[in-house]
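Reading through the structure tokens given below for one structure.
In this text, all values refer to a predicted model and were calculated from it rather than measured experimentally. Reminder, nothing fancy here: chain letters follow the sequence lines and each chain counts from 1.
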2 protein chains.
Amino acid sequence: MYQRKIPIDYECGLSVAMEVVGSKWKFCLLDEIAKGKTRPRDLVSAINGITKRVLQKQLSELELHGILGKTIYAEVPLRVEYFLTESGKSILPLVSAVDKWGLEFAPQLKTIMEREAL
Amino acid sequence: MYQRKIPIDYECGLSVAMEVVGSKWKFCLLDEIAKGKTRPRDLVSAINGITKRVLQKQLSELELHGILGKTIYAEVPLRVEYFLTESGKSILPLVSAVDKWGLEFAPQLKTIMEREAL
DNA sequence: ATGGATGGTGATCAAATTATCACCAAATGA
DNA sequence: TCATTTGGTGATAATTTGATCACCATCCAT
């Protein structure tokens, strides 16, 4: 999210979690993969606004962090499927919880932001 | 977190939640306030690495979003106390859950990052 | 041989967030 | 008068993240 020069505090769960999953698309990505969209091109079309390049970067970070794994099929055209590792699966409850909270909070935020925009 | 030009999608809970709480210090801040550190100067000394200015900005954003409220006491020197609103309290379970997950995941991330640094 | 579909990478620019520094204000006590 | 304490703001740099664009490779079908 924003901490490379300023190193991660491994003693702080919040710091660790933010490093791994705190960025614009990652929660959304995990959600889609959990829902069965496993191929890059499917993810690009499923996630509104993301570009190929950015997707690729986020996927490879999640892979590096051991949240995702991938399977490469020797087909033509090439087929690659990403999947959640055990660690990845362990975040899913959090993803739903965050999503749920966000939906409940949305009306309030909307009201506030619209009032603000005057 | 990173979405002003690209507007918030109020239909997407993840988008909403990230907007409100997805930034370097906010989870941490809510955690400390819940634990009783309510005054700015206490927060600065409680949270390792944050500066006065940044704290102030995050507090005022949380206040704007209706997550925090504040009470100003007409004392000398001036005393201000921030508190969690009902919405603010409703995130606390999420904060603990994220923290817990992060702590469980920390060893794995640490191993991976150290291996990577070679 | 040309173009399409798929997955992927590097360079670079734009945008957002965080950090730093200086500064203001009120009131108290030395 | 001057420093201290507390809360707060503005301007600007530093850092990180996300977006864009161009490109490579493989294999197939036309």
For [X] and [N], give me the distance from atom [atom1] to atom [atom2], rounded to whole Å.
X	N	atom1	atom2	answer
B:Q56	C:dC24	CD	P	17 Å
B:K24	D:dA14	NZ	P	17 Å
B:W25	C:dA19	CH2	C1'	10 Å
A:E81	C:dT6	CD	P	13 Å
A:I50	C:dG8	CD1	C1'	15 Å
B:K57	C:dC21	NZ	C1'	13 Å
B:E61	D:dT9	CD	P	12 Å
A:L78	C:dG8	CG	P	7 Å

(message) Looking at A:R53 and C:dG10, is any side-chain donor or acceptor paired with a base atom of the opposite kind under 3.5 Å?
(response)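 In this structure, the two groups form a donor-acceptor pair.
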(message) Does A:K52 contact C:dG8 through a side-chain donor or acceptor facing the base, at a distance under 3.5 Å?
(response)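 Such a pair is found, so the answer is yes.
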Sidechain-backbone polar pair: [X] side chain, [Y] backbone, donor-acceptor under 3.5 Å:
X	Y	result
A:S15	A:D9	yes
B:T85	B:G66	yes
A:S96	A:L92	yes
A:D99	B:G13	yes
A:S45	A:R41	yes

Check whether any side-chain nitrogen or oxygen of [X] sits under 4.0 Å from OP1 or OP2 of [N], and answer yes or no.
X	N	result
A:S23	D:dG18	yes
A:Q58	D:dG18	yes
A:K70	C:dG8	yes

(message) For B:V80 and A:E75, find the nucleotide of DNA chain D closest to each by heavy atoms; which residue's nucleotide sits nearer the 5' end?
(response)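 The residue closer to the strand's 5' end, by nearest nucleotide, is B:V80.
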(request) Name the nucleic acid region contacted by B:Y73, choosing base, sugar-phosphate or nothing; use a 4.0 angstrom heavy-atom cut-off, strictly under. (result)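 Nothing, no heavy atom under 4.0 Å.
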(message) From the set C:dA19, C:dT6, D:dT6, return the single nucleotide nearest to any side-chain atom of A:P77.
(response)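 For the A:P77 side chain, the nearest candidate turns out to be C:dT6.
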(message) Quick check on contacts: within residues 33-42 of chain A, what sits under 4.0 Å from DNA chain C by heavy-atom distance?
(response)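 Correct list: A:R39, A:P40, A:R41.
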(message) For B:E61, is there an ion pair with B:K57 - N to carboxylate O distance below 4.0 angstrom?
(response)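 Answer for the salt bridge query: no.
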(request) Identify the two heavy atoms, one from B:L62 and one from B:V20, that lie closest to each other, and give their separation to 0.1 Å. (result)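 Nearest pair, atom of B:L62 first, then B:V20: CD2-O, 3.9 Å.
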